[in-house]
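Structure, as C-alpha cells:
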Protein chains: 2
Amino acid sequence: MRSLPPASTQAIAADLIALLVAVTAGDPRVLTIQDQNALPSGPFELAHRSLQSGLRAWVERQTGLPLGYVEQLYTFADRDRTGAADQRIISISYLGLTREQGLTREQAESSQYEASWRSWYDYFPWEDHRLGTPVADKTLRSGLTAWIAAAPDRTTRSHRRQRAARLFGLDDHIWNEELVLQRYELMYEARLIPEALRGDGSPVPTAITTSVPGDPMILDHRRILATGIARLRAKIKYRPVVFELMPETFTLLQLQRCVEALAGKLVHKPNFRRLIEQQELVEDTGETSQETGGRPAKLFRFRRVVLAERAIAGTKLPISGT
Amino acid sequence: MRSLPPASTQAIAADLIALLVAVTAGDPRVLTIQDQNALPSGPFELAHRSLQSGLRAWVERQTGLPLGYVEQLYTFADRDRTGAADQRIISISYLGLTREQGLTREQAESSQYEASWRSWYDYFPWEDHRLGTPVADKTLRSGLTAWIAAAPDRTTRSHRRQRAARLFGLDDHIWNEELVLQRYELMYEARLIPEALRGDGSPVPTAITTSVPGDPMILDHRRILATGIARLRAKIKYRPVVFELMPETFTLLQLQRCVEALAGKLVHKPNFRRLIEQQELVEDTGETSQETGGRPAKLFRFRRVVLAERAIAGTKLPISGT
DNA sequence: GCCTATTATACTGATGTTGAGTATAAGTAT
DNA sequence: ATACTTATACTCAACATCAGTATAATAGGC
C-alpha cells in the first residue's frame, strides 16, 4: 500500500463550477452563461484559502449576489468529459442558493457571456409535475418504449421496463421527485438526450433523440444540474434551506409555491401550513400583503435563530409520495 | 463572469483518500497505515477513467478486498491542511464498504506501512453509546465546560453552552448519533484535540488537551473519518448498505449488532426485526446457526434483488432518537 | 433432570405522523 | 349584493413508531 502524500505531479488543473439557484415567479432558475447552455465556472487558485471560500469570493465579486447557503455538490474528473485527452481537469461543483436580483451593473451590462437566469425546467421539462404529468411525457414515453423494445433479450427487456417504470412513475409506481439524476442517467444510457451522442461513433437514432424536449448543455453541465436539483429536492425536506431563496418577508402561500417550484409537485396546503407553524420556522411580522387578489395574507419572516437551533435537529417539509 | 474551462495551470496535484470500513466482532473498523494514524491514499492518474474507477482499481489491486459499495465523500483543498504552502493538493476522499478478510499475502506480509484494521472508536471514543454514555464523557465534559467558561462575554457563553448541550446530548437534549462531524468541529474549535494545535503559535491548554481521549491522525484524516462515520450513520437508515458489511449468511441478531456498531447505540430488538421482515430485505436460508450459545438462530441471506428494486425506493432501519 | 442463558416469535397499547377533507373568515372584481 | 379568490382553522382516519411483555425452543453447566 502506498505511503502518504507523494502526490502525482501530472498535468492536472482544477476548476470550480457554480450552480446558482434562485426562485422567481414560481420558477426555479439557474444562472447560465454562453448562450445559456453552460454553468459559470471559475478557476481554483493557490490564493484561495479553501475550495468553498474560493467559490464564494469569485461568485460574489463577479455577480454581487448574496450567497446564503453554499454546499459542495460533487467532484468530476471523468476522462471523456473534456475533449483533450492528455490534460485532466478536475471540476469541483458547488450548489449555491440566492435571490434573483442585484446582479451588478458590470454583470448586467456585460453581454459578453450573456449571463442570465433560466428555469431549470427548460433543461428538464419532464421534472415539472405541478400541473400533472407534463406534456413532455408523450414523446419521452415513446423514447422509453423504444429503448425497452431494443433490449437484446427478454430479461434485459424486463429489467429495462421495471427500471423505467419505477423512475418515471409508470404503471402503479409513484413519481419520486428526488430521482432526477437517475432519470437523467437512464435517458443518457437510452441515448434520448444529445449529450449521449457526443464523442463516440455509434449510430444515432435521430428520430427519437430529436423529439425529446429539454435543452442540452455543454460538457456534463446538465448532469451537474441534475445532481444539484436532486440534492436540493432532498435537502428542503430536512433542512430549512428554502428560506435562502425567499425575500425578507413573505406569505405562507409564497413559501409554499417556492417549495412546490423546487419539488416540481404540489403540496397539500393545510398540511404545509401545519408543519411550518408546528416547527416555528417563521414568525408573524404583524403586516399583511394585499397583493394576493383575495383576503390579505399575513407576512412572515424566517426565524433566523432556527439556523443555530437546528444546524442540528433538522426540519420537515410535507412533500409526500402521492 | 469568466468563460468556460481556461483552467488554471498551477502546481496542483490530486490524491485519492480511501476510507475503508468493515465491521468485525461488533466493532466498526477502518483500514489504516503508518503506525495506524493515517488513512491509505493513492494517486489520481491520467490513466484512470474516472475518480471512482481509479480508487477501485487501486484499492482492489493492493488489498484484494472486495469493495462493494463505494461513494464519494468530500473534496478537500484547504491551504493549511498540508505543510507546503506553494503546492496545493486536492484530496478527493471516498468511502468504501467491505469485509475484514482476504488481505492479500503481499499486503499481510509487507509490514512496511503496517496496514491494519482499527476500531473507529479508538479515534472517537465519545461516539460509542452502546453501553450508555461512554467513560470519555467525564474528561470531555470538563473540557467543554472549560471552553464554555472561557467565552469572552455572556452571549457567547450562552451560545456555546447551547451548542455543546445540543451536540453532546447534555441537559435534556437527546443524543443524535449523526452529528459526528459537528462534534468534531466543536472540539476542534475548543482546541480539545491535538489537531487543532498544529501550525499556529497560539497558547496550548495542555491540561485540557492531553486529557481528552481518542487517537489523533495525520493532517485532516480524522476529519475525513468523522465525515465518513456521519455519512454512513445517516445512510444505513434509508439505504440497504449494511449488507455490504455482512458475510453471506447471518442471523438477525448479527445484523442488528452490525447496525448498532455503526450507529453507536442499541436498538429495540422486536422493532428491528419487524422492520427487517416487513421490508423483505432478507430471506431464510433454511439453515441455522448454533454458535450463539442459545437456541439456534435462523440464518438469513440478503435479497440482492432489493438493490435493483430500491436503488430507488429506499429502506428503513429503526434507529430512534432515544 | 434442572436451571440459566440465549434466541425466536407473537402480541399489545400508547403515541405520533401523515394524508386528505371540510368549514369559516376576509378581502377583491363585477 | 354576488361571485370569486385567498387565508386560516379544525377534524378524522390510516398508518408508523416506540416501548413493553409473554412464551417457546435450544444448548451448556450443575
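Within every chain, numbering begins at 1; the chains are lettered A, B, ... in the order of the sequence lines, protein sequences first and strands thereafter.
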Interatomic distance, [X] [atom1] vs [N] [atom2] [rounded to whole Å]:
X	N	atom1	atom2	answer
A:Ile174	C:dT18	CD1	C1'	14 Å
A:Leu299	D:dT6	CG	P	16 Å
A:Glu277	D:dA7	CD	C1'	11 Å
B:Lys269	C:dC11	NZ	P	18 Å
A:Asn271	D:dT8	CG	P	16 Å
A:Arg274	D:dC10	CZ	C1'	10 Å
B:Leu253	C:dT9	CG	P	12 Å
B:Phe300	C:dT7	CZ	P	14 Å

Side chain to side chain, B:Glu127 and B:Ile229, heavy atoms closer than 4.5 Å: no
Residues two or more places apart in sequence or in another chain: which of them pass salt bridge (charged side-chain N to carboxylate O under 4.0 Å, His left out) with A:Asp284? A:Lys298
Taking only residues two or more places apart in sequence, or in another chain, which ones meet A:Arg257 in a salt bridge (charged side-chain N to carboxylate O under 4.0 Å, His left out)?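 Checked A:Arg257 against salt bridge (charged side-chain N to carboxylate O under 4.0 Å, His left out); matches are A:Glu260.
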Just the atom pairs and distances: protein N or O near nucleotides 21-23 of chain D's N or O, under 3.5 Å.
none

Check nucleotides 26-30 of chain C for protein N or O atoms closer than 3.5 Å to its own N or O atoms and list the pairs.
{"from": "C:dA26", "atom 1": "O4'", "to": "A:Arg295", "atom 2": "NE", "distance (Å)": "3.3"}

For residues 19-31 of chain A, dump all side-chain donor-acceptor pairs below 3.5 Å to protein atoms at least two apart in sequence or in another chain.
{"from": "A:Thr24", "atom 1": "OG1", "to": "A:Glu100", "atom 2": "OE1", "distance (Å)": "2.7"}
{"from": "A:Asp27", "atom 1": "OD2", "to": "A:Ser119", "atom 2": "OG", "distance (Å)": "3.4"}
{"from": "A:Arg29", "atom 1": "NH1", "to": "A:Glu100", "atom 2": "OE1", "distance (Å)": "3.3"}
{"from": "A:Arg29", "atom 1": "NH1", "to": "A:Glu100", "atom 2": "OE2", "distance (Å)": "3.2"}

Cation-pi geometry met for A:Arg118 and A:Tyr123 (6.0 Å, 45°): yes
Measure from the side chain of B:Ala297, starting at C-beta and using heavy atoms only, and say which of D:dT17, D:dA7, C:dT7 lies closest.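 From the listed options, C:dT7 comes nearest.
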Who passes ring-ring contact (aromatic ring centres under 6.0 Å, His included) against A:Tyr74, sequence neighbours left out?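 Testing A:Tyr74 for ring-ring contact (aromatic ring centres under 6.0 Å, His included), a comparison that skips the adjacent residues, returns A:Phe76.
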ring-ring contact (aromatic ring centres under 6.0 Å, His included) partners of A:Phe302, counting only residues at least two apart: A:Phe243
Can you list everything that forms a side-chain contact (heavy atoms from CB on, under 4.5 Å) with A:Glu283? Sequence neighbours excluded, please.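 Counting only residues at least two positions away or on another chain, A:Glu283 forms a side-chain contact (heavy atoms from CB on, under 4.5 Å) with A:Arg301, A:Arg303.
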Just call it for B:Lys298: base, sugar-phosphate, or nothing, with non-hydrogen atoms closer than 4.0 Å on any strand.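 Here B:Lys298 touches the backbone only, sparing every base.
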For B:Leu252, report the nucleic acid contact type (base, sugar-phosphate, nothing); a contact means any heavy atom under 4.0 Å.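 Nothing, no nucleic acid heavy atom in range.
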Which residues share a side chain to side chain donor-acceptor pair (under 3.5 Å) with A:Arg130, sequence neighbours left out: A:Asp128
Is any side-chain N or O of A:Arg273 closer than 4.0 Å to OP1 or OP2 of D:dA9?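 A:Arg273 to D:dA9 OP1/OP2: no side-chain N or O under 4.0 Å.
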